[in-house]
Student: 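Just dropping this structure here.
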Amino acid sequence: MADTADGPTEKFACLVRTRAHPGRGDDLVKGYAPVFDQVSGEDGTELFVLSRAVDDPDTFFCFEIFASRADFDEHRAKALAGESLDALNAATAEREYVWGVPVWSKG
């Protein structure tokens, strides 16, 4: 359990750095549409922000906060099921994940 501005938390965080194939940054954003739809209906996904690098239109980072590790696991299982990520995966050249627990937050 970590401490935040609001006290102890069991929240789970995920940071994803993604690089699109050259010139396919806009395709990558479009490929996230099923993910945006999914997280919009998930109570356990507390924050989901996809950002584009200011110096490279094919580089993105996504920051996600989940109410718990179980909520993250449920989110990931849904995201990986079926073929809804085919367009996103086709536009993606590389992806790196960092998973952790918040140690401090404001918000």
Side-chain angles (χ1 to χ4, degrees):
M1 222 177 279
D3 288 332
T4 66
D6 297 325
T9 182
E10 292 184 17
K11 297 183 187 301
F12 192 78
C14 180
L15 175 66
V16 184
R17 187 191 62 80
T18 305
R19 177 176 294 285
H21 290 288
R24 298 208 46 205
D26 290 340
D27 293 335
L28 190 137
V29 173
K30 290 175 189 171
Y32 261 99
V35 180
F36 299 152
D37 289 342
Q38 176 185 332
V39 298
S40 294
E42 292 177 338
D43 292 335
T45 302
E46 296 181 352
L47 178 71
F48 189 97
V49 180
L50 177 65
S51 300
R52 187 176 229 160
V54 296
D55 59 349
D56 181 352
D58 291 330
T59 297
F60 298 82
F61 57 98
C62 183
F63 191 67
E64 308 166 49
I65 298 285
F66 299 89
S68 68
R69 175 64 192 254
D71 288 308
F72 166 76
D73 290 341
E74 182 180 337
H75 160 81
R76 188 161 169 81
K78 284 183 195 173
L80 295 175
E83 299 172 0
S84 64
L85 299 182
D86 286 355
L88 175 59
N89 291 333
T92 300
E94 61 185 73
R95 189 178 294 133
E96 175 185 3
Y97 296 92
V98 179
W99 294 304
V101 293
V103 294
W104 191 91
S105 66
K106 175 187 173 193

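Atom set for the values below is all heavy atoms of this structure, side chains included, hydrogens, waters and symmetry mates excluded.
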Student: Check whether any side-chain heavy atom of H75 sits under 4.5 Å from a side-chain heavy atom of E64, and report yes or no.
Tutor: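 Yes, close enough: below the 4.5 Å cut-off.
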
Student: Going by side chain to side chain contact (heavy atoms under 4.5 Å, CB included), name the residues that satisfy it together with A79, two or more places apart in sequence or in a different chain.
Tutor: Q38, L85

Student: Residues two or more places apart in sequence or in another chain: which of them pass side chain to side chain donor-acceptor pair (under 3.5 Å) with E46?
Tutor: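 Here the qualifying residues are K11.
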
Student: Heavy atoms, side chains only, cut-off 4.5 Å: are P102 and I65 in contact?
Tutor: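 Result yes, sub-4.5 Å side-chain heavy-atom pair found.
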
Student: Do any pairs count as a ring-ring contact (aromatic ring centres under 6.0 Å, His included) and have a residue in residues 37-61, sequence neighbours left out, and if so which ones?
Tutor: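 Of all non-adjacent pairs touching residues 37-61, none passes ring-ring contact (aromatic ring centres under 6.0 Å, His included).
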
Student: Mind checking side chain to side chain donor-acceptor pair (under 3.5 Å) for D56 and listing every partner two or more places apart, or none if nothing turns up?
Tutor: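 Partners of D56 by the side chain to side chain donor-acceptor pair (under 3.5 Å) criterion, ordered by chain and then number, come out as R19, T59.
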
Student: What is the distance from atom OG of S84 to atom CG of D37, rounded to the nearest 0.5 Å?
Tutor: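 So the gap between those two atoms works out to 9.5 Å.
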
Student: Which residues pass the side chain to side chain contact (heavy atoms under 4.5 Å, CB included) test with R69, sequence neighbours left out?
Tutor: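 F12, F72, D73.
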
Student: Quick one, L80 and R76 - any side-chain contact, counting heavy atoms below 4.5 Å?
Tutor: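 Side chain of L80 against side chain of R76, heavy atoms only: contact under 4.5 Å found.
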
Student: Who are the salt bridge (Lys or Arg N to Asp or Glu O under 4.0 Å) partners of K30, not counting sequence neighbours?
Tutor: none

Student: Can you pull the salt bridge (charged side-chain N to carboxylate O under 4.0 Å, His left out) pairs that have at least one residue in residues 87-101, sequence neighbours excluded?
Tutor: R17-E94, R17-E96

Student: Tell me every residue that passes ring-ring contact (aromatic ring centres under 6.0 Å, His included) with F63, counting only those two or more places apart in sequence or in another chain.
Tutor: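 By the ring-ring contact (aromatic ring centres under 6.0 Å, His included) rule, F63 matches no residue at all.
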
Student: Any pair with a residue in residues 27-46 that passes ring-ring contact (aromatic ring centres under 6.0 Å, His included), sequence neighbours left out, goes on the list, sorted by first then second residue, please.
Tutor: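 Every ring-ring contact (aromatic ring centres under 6.0 Å, His included) pair that includes a residue of residues 27-46, provided the two are not neighbours, is Y32-F36.
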
Student: My understanding is that only residues two or more places apart in sequence, or in another chain, count here; which of them pass side chain to side chain donor-acceptor pair (under 3.5 Å) with S68?
Tutor: D71

Student: Considering only heavy atoms from C-beta outward, does the side chain of R52 approach that of D26 to under 4.5 Å?
Tutor: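 With C-beta onward as the side chain, the pair touches.
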
Student: Does D86 have any salt bridge (Lys or Arg N to Asp or Glu O under 4.0 Å) partners at least two apart in sequence or in another chain, and if so, which?
Tutor: none

Student: Residues two or more places apart in sequence or in another chain: which of them pass side chain to side chain contact (heavy atoms under 4.5 Å, CB included) with V49?
Tutor: L47, S51

Student: Calculate, to the nearest 0.5 Å, the distance between atoms OG1 and CG belonging to T18 and L50 respectively.
Tutor: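 The CG atom of L50 is 7.5 Å from OG1 of T18, to the nearest 0.5 Å.
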
